[in-house]
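Here is the structure we will look at, set down as structure tokens.
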Amino acid sequence: MKALTFMQSHNIWADSVTYSELLKCCISRGALREAKLVHKHIFSNGYHPKTFLINTLISMYVKFSLLDDARKLFDQMPERNVVSWTTMIAAFANAGLGYEGLRFLVLMGRDGVRPNMFTYSSVLRACSGLESLKQIHCGIVKDGLDSDVFVRSALVDNYAKWGELGNALVVFNEMETRDLIVWNSVIGAFAQNSDGDEALNLFKRMKRCGFMADQATLTSVLRACTAMALLELGRQVHVHVLKYNRDLILSNALLDMYCKCGSMEDARFEFSRMVEKDVISWSTMIIGLAQNGFSHEALEIFQVMKSSGTKPNYITVLGVLFACSHAGLVDKGRSYFESMEKVFGIKPGREHYGCMVDLLGRAGKLDEAVELIHNMEPEPDAVTWRTLLGACRIHRNMDLAAYAAKKWEDAAQVRKAMKGNNVRKEPGCSWIEVNKQIHAFILRDNSHPQIDEIIRQLNHYVQRLKGVGYVPDTNFVLQDVEGEQLEDPLLYHSEKLAIVYGLMSLTKGKTIRIRKNLRICGDCHLFAKLLAQMENRNIVIRDPIRYHHFQGGVCSCGDYW
DNA sequence: GTAGATGTGA
């Protein structure tokens with residue numbers, strides 16, 4: 001403003017370029033009041049601002065989140081160019097008004113203004129469905145704008161957003177020039193859609209093309225390792241991470257990787273040396289500790305978190321309740337649950353109720369658990385009933401089990417109907433990392449090159465275990481509802497094959513780490529427990545829900561899962 | 001001389 005007054009006092013009139021510079025200055029300093037004064041000044045003295053200056057004004061209001069003011073200016077413009085339209089479309093997309101953004105694309109066409117690559121990359125962010133995405137894609141090709149990196153990048157992101165990873169990859173592969181951001185985009189897309197394998201392939205391709213990974217790349221690669229529980233590869237990525245420091249997101253991803261790979265020593269070390277911690281860091285650690293069977297430590301960390309001044313959120317409280325249920329701390333869990341709204345301002349959601357059902361059910365308070373389900377505000381779903389069913393199995397309450405099973409089935413039906421009728425049951429699959437190679441064992445699939453030797457060894461171990469009291473247990477009717485199918489021979493469940501392969505190929509003393517796509521069945525659990533003791537080995541099995549650390553004949557889950 | 005893209009916790 002001083003500049004403006006100075007110019008006036010010397011009788012120099014500002015032109016559109018000067019005004020525009022002044023506005024940019026206001027935006028960078030966050031000075032809305034001054035920007036408004038400039039706005040007023042522009043429209044005084046009969047000055048006719050050029051289109052680009054009004055565009056700057058619009059963008060100023062957008063940056064201050066004053067969409068209505070921006071819209072008003074836009075409506076009053078004598079003529080609008082591509083930039084005017086694009087600025088509005090981008091603003092709508094950012095404000096979550098995608099529909100309005102798409103409407104503006106049509107309107108600009110009627111106004112005789114042709115969209116350019118800037119327009120399309122904003123329109124793509126406004127896009128709210130696969131159908132419109134395909135239409136926009138056609139428009140891009142028709143307008144000959146599909147070679148722009150930004151547009152392609154937005155297309156890749158969008159296809160990934162709607163689960164169309166194949167299309168995302170096609171669009172990506174067709175690109176003539178790629179930059180680091182597109183690489184990060186496509187790697188992130190696969191990592192987020194739990195296709196860690198493809199994410200890691202792309203990462204290798206990227207390096208072959210001569211690109212240097214940055215924090216965003218490494219974060220996605222870590223996420224892929226995390227999903228696949230690849231500890232060794234994760235450690236390698238960690239070495240790259242050391243080249244960068246103080247990126248909170250990356251540190252959080254690293255922390256989660258160690259937790260999910262079941263290596264709590266590394267996780268604790270990483271956590272202790274993080275200079276900056278946010279709610280995600282704390283939650284990751286709390287959940288990681290709880291899932292790996294260190295509930296008391298998780299609750300201690302929660303206390304430290306509160307005194308550090310970081311406010312817990314929905315997910316943090318979930319981790320805390322999970323820790324309580326895991327350690328059987330009924331009173332503590334109940335008091336956290338009952339006070340969470342008052343103390344932390346977080347309304348209990350379905351997942352919090354689920355944790356409480358788990359906690360109460362596990363402690364044998366089945367009546368209280370049922371009462372909680374009946375009175376809960378969010379609608380109980382299949383998972384809620386499945387939790388109660390698990391508790392019934394532990395406490396051998398057949399009547400309640402039948403009731404829970406019925407309700408579970410009803411809820412699952414609804415879910416099935418929503419998803420469409422072709423929900424196929426996945427075959428059981430386990431993975432183990434040996435010498436940085438992933439070995440997959442799939443039920444009824446004998447393609448592993450050493451399968452004959454593995455089965456021979458497995459039979460051998462089973463015979464020896466029978467000598468110390470192992471009885472293959474086929475009676476898991478209630479518990480096995482989401483596990484491997486009953487008619488499948490228990491003996492060849494994939495985790496057994498993976499464990500035996502681990503014993504065969506990993507050096508003595510090395511922990512055997514296995515990841516599984518389905519929940520472990522009781523027989524395999526017993527098998528792992530006894531084998532860990534007999535062979536004096538640590539075995540860690542991660543199923544979709546929790547971790548089992550087998551050591552010296554016991555499991556960290558306390559035989560409840 | 002105004003408008004556009006990527007990564008973390010259940």
Side-chain angles (χ1 to χ4, degrees), chain A residues 15-21 23-24 27 49-60 62-63 70 80-91 93-94 115-126 145 148-158 160 179-189 191-192 199 213-224 226 244 247-257 259-260 277-288 290-291 312-322 349-352 354-355 383 544-546:
Chain A
D15 65 356
S16 288
V17 178
T18 321
Y19 279 127
S20 177
E21 287 301 317
L23 282 171
K24 274 197 275 180
I27 293 168
K50 292 192 175 155
T51 305
F52 90 82
L53 178 56
I54 307 184
N55 286 344
T56 314
L57 272 170
I58 293 176
S59 127
M60 180 273 287
V62 168
K63 279 179 187 140
R80 305 171 187 93
N81 62 18
V82 210
V83 181
S84 328
W85 287 100
T86 305
T87 311
M88 288 311 294
I89 293 173
N94 281 344
N116 63 13
M117 53 274 230
F118 286 87
T119 322
Y120 274 119
S121 65
S122 296
V123 166
L124 282 168
R125 283 198 310 134
L145 295 167
D148 184 71
V149 200
F150 278 76
V151 173
R152 283 255 170 195
S153 191
L155 275 172
V156 169
D157 285 339
N158 255 284
D179 62 3
L180 183 59
I181 302 225
V182 196
W183 277 108
N184 286 350
S185 238
V186 75
I187 292 171
Q192 278 171 54
D214 71 355
Q215 283 102 326
T217 328
L218 295 174
T219 303
S220 295
V221 171
L222 277 174
R223 187 170 168 152
T226 305
Y244 304 92
D247 186 309
L248 185 56
I249 301 181
L250 184 50
S251 302
N252 286 344
L254 193 60
L255 185 63
D256 191 42
M257 185 274 291
C259 287
K260 294 290 174 349
K277 297 182 181 96
D278 66 357
V279 65
I280 296 187
S281 331
W282 291 100
S283 310
T284 303
M285 197 59 191
I286 291 169
I287 293 161
Q291 285 180 324
N313 65 14
Y314 189 95
I315 295 172
T316 324
V317 179
L318 210 53
V320 169
L321 293 178
F322 186 76
R350 184 183 288 141
E351 289 113 322
H352 296 105
C355 271
V383 181
I545 311 268
R546 65 182 76 198

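First the proteins, then the strands, lettered A, B, ... as listed; each starts at 1.
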Ignoring hydrogens and angles, are the base of [N] and the side chain of [X] linked by a donor-acceptor pair under 3.5 Å?
| X | N | value |
| --- | --- | --- |
| A:Asn116 | B:dA3 | yes |
| A:Ser121 | B:dG4 | yes |
| A:Ser220 | B:dG7 | no |

Protein-nucleotide distance ([X], atom [atom1]; [N], atom [atom2]), rounded to Å:
| X | N | atom1 | atom2 | answer |
| --- | --- | --- | --- | --- |
| A:Asn158 | B:dA5 | CG | P | 12 Å |
| A:Leu53 | B:dA3 | CG | P | 12 Å |
| A:Gln215 | B:dG7 | CD | P | 14 Å |
| A:Leu180 | B:dA5 | CG | P | 16 Å |
| A:Lys50 | B:dG1 | NZ | P | 11 Å |
| A:Trp85 | B:dA3 | CH2 | C1' | 14 Å |
| A:Asn252 | B:dA10 | CG | P | 11 Å |
| A:Leu155 | B:dG4 | CG | C1' | 13 Å |

Pairing donors with acceptors under 3.5 angstrom, does anything connect the side chains of A:Thr284 and A:Asp256?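 No.
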
When you compare the side chains of A:Asn116 and A:Asp148, does any donor N or O come within less than 3.5 Å of an acceptor on the partner?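 No, because no side-chain N or O of A:Asn116 sits under 3.5 Å from a partner of the opposite role on A:Asp148.
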
Within the structure provided, determine whether [X] and [Y] are in side-chain contact (heavy-atom separation under 4.5 Å).
| X | Y | result |
| --- | --- | --- |
| A:Gln215 | A:Leu218 | no |
| A:Ile280 | A:Leu248 | no |
| A:Ser59 | A:Lys63 | yes |

Across the strands shown, which category fits [X] at heavy-atom distances under 4.0 angstrom: base, sugar-phosphate, nothing?
| X | result |
| --- | --- |
| A:Arg125 | sugar-phosphate |
| A:Val279 | base |
| A:Ser16 | nothing |
| A:Ile287 | sugar-phosphate |
| A:Val17 | sugar-phosphate |
| A:Thr284 | sugar-phosphate |
| A:Tyr314 | base |

Measuring to OP1 and OP2 of [N], would you say a side-chain N or O of [X] lies under 4.0 angstrom away?
| X | N | result |
| --- | --- | --- |
| A:Arg350 | B:dA10 | no |
| A:Lys260 | B:dG9 | no |
| A:Gln291 | B:dA10 | no |

